[in-house]
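Worksheet: one structure, shown below.
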There are 2 protein chains.
Amino acid sequence: MQELISVFKALSDETRLKMLKIFQKGEICVCDLVSVMDMSQPKISFHLNVLKEAGLIRDRRQGKWVHYSINDSDIFRRFLVLTVTEKITDETIKVYLSRLIKLKDMKNKNKCCK
Amino acid sequence: MQELISVFKALSDETRLKMLKIFQKGEICVCDLVSVMDMSQPKISFHLNVLKEAGLIRDRRQGKWVHYSINDSDIFRRFLVLTVTEKITDETIKVYLSRLIKLKDMKNKNKCCK
DNA sequence: TAATCATATAAACATTATTTGATTTGTTTG
DNA sequence: CAAACAAATCAAATAATGTTTATATGATTA
């Protein structure tokens with residue numbers, strides 16, 4: 001039961017739901033999330049850890065960077081994440097999305113995280 | 001988004017999940033829940049209110065008593081409640097269930113809430 | 001209509017979650 | 001291998017939730 005509760009608790013926070021929306025656009029590293037969401041790095045790491053402990057996302061270290069993405073190994077969690085990202089409009093995170101696009105453009109020009 | 005969060009928050013508590021398990025056996029009034037769960041009446045009322053505000057249950061007043069039951073008007077909430085009650089075994093609330101059965105027996109003998 | 005019963009609400013307190021600022025760990029690169 | 005960078009962790013401050021005790025409200029019944 002505690003495992004189930006940890007999933008619902010992870011989904012009970014605006015910042016974390018917005019993170020899931022961002023993850024839906026693909027894998028992202030902590031430093032990029034920090035700049036996209038404009039929040040302190042410890043805060044971002046804290047929320048990532050809550051999502052990870054709940055089994056909703058997974059991490060992958062690549063050199064200095066740790067990339068996070070949606071964990072699709074469990075169907076119940078997948079369903080929840082899918083429903084959440086569907087119920088929340090892109091409009092809600094439009095500021096983040098535009099920063100994300102800028103970031104990706106910059107990476108193509110070799111300026112960050114490469 | 002806050003509405004969605006209120007649903008997940010409501011599901012993020014052991015007492016409330018156990019309540020949903022009990023509701024699955026049918027409508028129940030506050031006083032019966034108090035004796036079945038052996039918790040203070042304000043505590044029960046507090047948690048019932050959280051579930052109600054999240055749209056997961058509904059209430060129906062009948063005389064002095066207020067009966068609560070699962071609100072099946074929304075399919076997403078229905079799915080969540082169904083999944084939750086499926087993932088949590090009856091074993092988890094066996095003490096409550098045996099009290100519930102005793103209560104129902106007593107009611108047939110006209111001893112309570114009638 | 002006064003007494004009683006069921007439930008809700010409020011205030012005070014306890015517990016848990018989140019945020020912040022500082023520090024540590026792990027990795028790469030000059 | 002020292003400096004620099006990315007991310008995690010920790011302790012302290014703050015905010016949000018849950019619990020308890022006391023009181024209020026609403027309905028029934030004697």
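Labels below follow one simple rule: chain letters A, B, ... track the order of the sequence lines, proteins then strands, and each chain is numbered from 1.
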Distance in angstrom units between [X] [atom1] and [N] [atom2], rounded:
X        : N       : atom1 : atom2 : result
Leu17(A) : dT18(C) : CG    : P     : 12 Å
His67(A) : dA8(D)  : NE2   : P     : 12 Å
Trp65(A) : dT25(C) : CH2   : C1'   : 17 Å
Arg61(A) : dG26(C) : CZ    : P     : 9 Å
Ile44(A) : dT19(C) : CD1   : P     : 10 Å
Lys64(B) : dA6(C)  : NZ    : P     : 5 Å
Ile5(A)  : dA17(C) : CD1   : P     : 10 Å
Leu48(B) : dA8(C)  : CG    : P     : 7 Å

Would you kindly confirm whether Leu82(A) and Leu80(A) end up in one hydrophobic cluster when ILVMFWY residues are joined by side chain heavy atoms under 4.5 Å apart?
no
Assess the residue pair Ile93(A) and Ile88(A) against the criterion (side-chain contact (heavy atoms from CB on, under 4.5 Å)); give the C-alpha distance rounded to whole Å, side-chain angles, the decisive distance to 0.1 Å, and a yes or no.
CA-CA 9 Å; Ile93(A) 56 158; Ile88(A) 299 171; 5.5 Å; no
Please check the phosphate of dA7(D) (OP1 and OP2 only) for any side-chain N or O of Ser45(A) closer than 4.0 Å.
no
Taking only N and O in the side chain of Tyr68(A), is any of them less than 4.0 Å away from OP1 or OP2 of dA6(D)?
no
Report the hydrophobic cluster partners of Phe46(A), with the cluster defined as I, L, V, M, F, W, Y residues connected by side-chain heavy atoms closer than 4.5 angstrom, directly or transitively.
Val50(A)
What string of B, S and - do you get for nucleotides 13-20 of chain D, 5' to 3', if B is base contact, S is sugar-phosphate-only contact and - is no contact with any protein heavy atom under 4.0 Å?
----SBBB
For [X], salt bridge (Lys or Arg N to Asp or Glu O under 4.0 Å) partners two or more places apart:
X        : result
Asp38(A) : none
Glu91(A) : Lys94(A)
Arg60(A) : Glu27(A)

Between dA6(D) and Gln41(A), counting only base atoms on the nucleotide and side-chain atoms on the residue, is there a donor-acceptor pair under 3.5 Å?
no
Phe76(A): ring pair (Phe, Tyr, Trp, His ring centres under 6.0 Å) partners, not counting sequence neighbours:
none
